[in-house]
Chemist: 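I'd like to ask you about the structure that follows.
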Amino acid sequence: MDSRSIRETFLDFFVERGAQRYDSASLIPNDPSLLLTIAGMVPFKAYFMGDATPPATRAVSYQKCVRTNDIENVGHTTRHLSFFEMLGNFSFGDYFKRDAIRWAYELAVEKYQLDPERIWVTVYTDDDETAAIWLEETAIPAERIQRLGADDNYWWTHAAGPGGPNTEMYYDRGDAYGQAGGPAVNDERYLEFYNLVFMQHALDDDGTILGELPAKNVDTGLGLERMAVLLQDVDNVFETDLFRPLISAAETLSQVVYGQDSDRDVSLRVLAEHARTSAFLIADGVLPAKDGRGYVLRRLLRRALRHAQLLGVDVAEGTAVLVPMIDTVIATLSPLYPELADQQVLITRIVAAEERDFGARLRSGLTRIDTLVDSLKPGEQLSGEAAFELHDTYGFPIDLTLEIAADQGLAVDRDRFVVLMEEQRDRARKSVKRGGAGVGVEVYRDALALTGATTFVGYEELASEATIGALVATGGVLNEASEGDEVEVLMPRTPFYAEGGGQVGDQGIIETETGRLEVLDTQLALDGVTTHRARVVAGEVRQGQGAYATVDGTLRAATARSHSATHLLHATIKELLGPHAQQAGSLVSPGRFRFDFPHFAPVSGEELAHIEAVVNARVLADPYVTTQVMSLADAKDAGAVANFGDKYGEVVRVVTIGDYSKELCGGTHAPRGATIGTIAVVKEESIGSNTRRIEALTGEDALTFFGKERIVAQDVARLLDVPTDETVDRVTNLIKRLRDAEKQLATLREAGLAKQAETLAKTAVQHDGLALVKHRQDGLSADELRSLALSIRSHLADPAVVIVGTFTNDAKAMLVTAVTPSIVDGGVTARDILADAASCVGGGAGGKGDVAQAGGRDGTKLDEALTVAVNAAHTLITRA
Ligand code: SER
């Protein structure tokens, strides 16, 4: 059975059993507690937690997943992968253990036709109920049911969220794969293929069970790649239809044949596997970066390149291997994953840039590692500091350093490395200001019990009747709050927009009969629950009171303009710069917005002006802005753009701006294009490798900006005494004349100094056969002072010393000393002569043998310093 049929068989099986079918969500989860989508359940987390209501209680999905906790195993075993597809069936408070087990068995034996005699299962230590169901519902005998502890048979996300005991299905691949005895003793021979988790607990981020979930749920995962191993009767995941072409490509590129040498096989697999994962990450909008998910990607790319180097591809010398590898990944896998073909340009260019960059780093890093290793005494390990330097300066991920060290039979002080990394992270963290009132999720859950989920009425109205559903503060739920108190207000119904989709939260006023609140910000407390961060500005407010909520309409209108302008800019940028330039992030606020997108070069001034002009022409065309609610499938058919990382429910809102733009969006918009007024692009910058940010103003803010620019232009024109449109020519001309004049002046001064040098050389004082010139001349530049010293020296016979000093235009002291060759030969350098003089003016000395300079803040000590230098010259040279 090929991979596609394995996927379709699974989906059909559960759709027949009443499940709603979901396509894979992005690898970037819409969940700040997780870096990447690590399992099929991630998009459904809120349903398990009871924070949101699912459209159907049964679901089935295929889901792209990335896990890097086992990355060191990838390539070495037959089953570990950093990217895999998980097929899953889910129950949100619907069916539980009995159906989940019955169906899993039926699917395995009847649909996938696995041999029931070879299926084994594991069950959580004391979960007798599950063990009994296996016996009652399936043909698996007690001897093939094993009990394992929490490490194997309790599943959670390793972040705050849901979890529960699980039961796993394994397939016995036979004696050729090693020792018998079931999965408890041998998990290579017995290959795990299906995990059924009975989600029933809420856990803290350290794994403490906080309590029961509102319902008993099922979360399952069947690995597509592993099922392919079993159904295609191959040894390991790398020989399935998903991987065979990738391994062949790696063979061709490296000229190494697979299956001849175990180390080389590892490298071929790592190259193929990491290329695949990287392509998927980039297609979903992850870009290489120094931290976060961008670092996961960078590590994968670098590990792949390192293994290519091990295979004999000279990555350090710039041989391209990942780019051609990626081409094969896209060609092979885009029938199953069309996003790869859609983002081919982006993927290839990002990979090419990383490949070039890492080639150069590898070159210098490998030299550095050799030096570090050479300096070790026998038996010493590579220090944590060395590993940190390789990481920080050369970009070597720690596993790369470990591998290179291991190749040379060396250990690495990894603990010290971890400490140094932690320290660096702490420093970074300290530099980030922390905000937020710090109301805990638990408090919001308590409040939710009082108010229920929030209905947002702010698309239609800016002011509405409301109820103070709950008042919360850091300590918990309150009954009332009075003047001066900072509280958060939850209301069953609100016109306030909670920050989301890049758009900032609304501000405004909430009034009750007894008091008045000023809303400073509106946020989502939980999925579907809005919280109003507010201050009581008059009287008092009580939980349960009727209220009237009014959004600040001026701010809202200014934000709406920015939001519609962002959509127009997005569409225009994609048209003008290419389809890769998809929104990677945005911040939409009143009158101002910024827009981030991947691009491979700075956007030139000319391109920016063109983009701005096209957007403004579209604003002037005054298109209608319309919104429609439809199913995700219809939205996609209509060509609506979904953004990287967004996860949408089944019903989505589509915002259309004339013929120009159609995007999935929950934000608030201007009613028509012309309401935007105008946009002004004010800034374009890099915010990380291959990511650009454009900042722009809209409406009044744009007009104010243009107005200020005009005043500046007029002032400049007046000063130059030309019409404004001639200012640029005039300034260009003036700059050129200034440069010429400066050059002339420099030549004149140099000639003057050279002449002076001749005269000064004649003032040399002879003492014990040594000629010494001391001279002070104020207002010289460092270069002038130096050339004065050299030219005086050129007129003197060896042995001679020249000491010159200047009081600079910014009141500092500078000194230069030049000595003739015999003095250096005698063991005295120019710098020795200046050492004490430098401290005298409060600075330091630098320079090599025959010329040195010193400088310091204490300009008034210049004369003293010159004398100190003269004395030093006599003392040192006489002694030598
Ligand atoms: N969440 C479980 C896993 O990842 C089952 O899907 O194994």
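Both ligands and their constituent atoms are indexed starting at 1 by order of listing.
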Chemist: Give every residue pair that meets the ring-ring contact (aromatic ring centres under 6.0 Å, His included) criterion with at least one member in residues 214-237, sequence neighbours excluded.
Modeler: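 Found none.
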Chemist: Distance-only criterion, 3.5 Å: show the donor-acceptor pairs between side-chain atoms of residues 5-13 and protein atoms not counting sequence neighbours.
Modeler:
from: Ser5; atom 1: OG; to: Asp2; atom 2: OD1; distance (Å): 2.6
from: Arg7; atom 1: NE; to: Glu85; atom 2: OE2; distance (Å): 2.9
from: Arg7; atom 1: NH2; to: Glu85; atom 2: OE1; distance (Å): 2.9
from: Glu8; atom 1: OE1; to: Arg21; atom 2: NH1; distance (Å): 3.3
from: Thr9; atom 1: OG1; to: Ser5; atom 2: O; distance (Å): 2.5

Chemist: Taking only residues two or more places apart in sequence, or in another chain, which ones meet Asp126 in a side chain to side chain contact (heavy atoms under 4.5 Å, CB included)?
Modeler: Tyr124
Chemist: Exactly which residues line ligand 1, taking a heavy atom under 4.0 Å from it as the test?
Modeler: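 The 4.0 Å shell around ligand 1 contains Ala39, Met41, Arg67, Met86, Trp155, Asn195, Val197, Asp219, Thr220, Gly221.
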Chemist: Quick one: does Arg653's side chain get under 4.5 Å of Met630's, heavy atoms only?
Modeler: no
Chemist: Using distance alone, with no hydrogens and no angle criterion, decide if Thr277 and Ser82 have a side-chain donor and acceptor under 3.5 Å apart.
Modeler: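 Yes.
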Chemist: Do Glu106 and Lys111 meet the salt-bridge criterion of a basic N to acidic O distance under 4.0 Å?
Modeler: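 The answer is no: the pair does not qualify as a salt bridge.
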